[in-house]
Amino acid sequence: MNFYDEVYELCKKIPKGKVSTYKEIGKAMNSRAYRAVGQALRNNPYAPIVPCHRVLNSKGELYGFNGKMNNKNLKDKEKLLLKEGVKVKNNKVIDFEKKLFKF
DNA sequence: CGCTTGACACCGT
DNA sequence: AACGGTGCCAAGC
């Protein structure tokens with residue numbers, strides 16, 4: 001189990017309708033490598049399996065999903081979030097702290 | 001082996 | 001409140 005896989009496993013554990021943060025994931029694996037977590041998700045070889053769109057920055061914002069990267073799928077991911085019950089407004093999650101999933 | 005690069009976070013202006 | 005510098009850790013080159 002390398003670092004990346006660890007990240008993916010944790011992401012998969014995030015229940016539907018909940019979100020998490022890079023920091024939490026880092027803490028969950030006894031590390032402060034929240035940056036490396038970002039790299040793992042950015043690669044994301046398990047595209048549909050790993051719900052990388054449920055991982056946000058500490059402010060509860062979609063960082064690099066909808067504005068910076070121009071993947072069309074990412075647009076759908078926001079829709080997917082809404083469908084799961086996570087309200088997204090201007091790339092920010094409403095009631096983020098309430099929906100935050102801790103490991 | 002060492003320098004650079006990030007889907008970040010924290011703290012000081 | 002917004003912005004910028006610094007620290008963090010793993011990967012790539």
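All chains are named by letter (A, B, ...) in the order of the sequence lines, taking the proteins before the strands, and each is independently numbered beginning at 1.
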*Do R32(A) side-chain and dG7(C) base share a donor-acceptor contact under 3.5 Å?*
no
*Min side-chain heavy-atom separation H53(A)-L62(A) under 4.5 Å*: no
_Side-chain donor-acceptor contact under 3.5 Å, N57(A) with Y22(A)_ = no
*Gap between atoms NZ and P, on K59(A) and dC10(B) respectively (whole Å)*: 9 Å
*Should K102(A) and K27(A) count as side-chain neighbours, where that means a heavy-atom distance under 4.5 Å?*
no
*Just wondering, do F101(A) and V55(A) contact through their side chains at under 4.5 Å, heavy atoms?*
no
_Separation of dC9(C) C1' from L41(A) CG (nearest whole Å)_ = 14 Å
*Rounded off to whole Å, could you give me the OH-to-P distance for the Y8(A) and dA7(B) pair?*
14 Å
*Assign each of N43(A) and S31(A) to its nearest nucleotide of DNA chain C by heavy atoms, then name whichever residue's nucleotide is nearer the 5' end.*
S31(A)
*asked:* Heavy atoms only, 4.0 Å cut-off, all strands: where does F3(A) land among base, sugar-phosphate and nothing?
replied: sugar-phosphate
_For dC8(C) and K23(A) - does any side-chain N or O of the residue sit under 4.0 Å from the phosphate oxygens OP1/OP2?_
no
_Atom-pair distance (CG on N2(A); C1' on dG12(C)), nearest Å_ = 15 Å
*Could you pick out which residue, L56(A) or Q39(A), lies toward the 5' side of DNA chain B when each is mapped onto its nearest nucleotide?*
Q39(A)
_On a heavy-atom basis, which atom in K18(A) and which in R54(A) lie closest, and how many Å separate them?_
O-CD, 3.3 Å
*Decide yes or no, distance alone: a donor-acceptor N/O pair under 3.5 angstrom between the base of dC8(C) and the side-chain of R35(A).*
yes
*OP1, OP2 of dA7(B) versus side-chain N and O of R42(A): anything below 4.0 Å?*
yes
*Given atom OH of Y4(A) and atom C1' of dC9(C), what is their separation to the nearest angstrom?*
11 Å
*asked:* How many whole angstroms separate atom NE2 of H53(A) from atom C1' of dA7(B)?
replied: 14 Å
*dC10(B) C1' sits how many Å from Y34(A) OH, rounded?*
7 Å
*asked:* From CG of N30(A) over to P of dC9(C), roughly how many Å is that when rounded to an integer?
replied: 12 Å
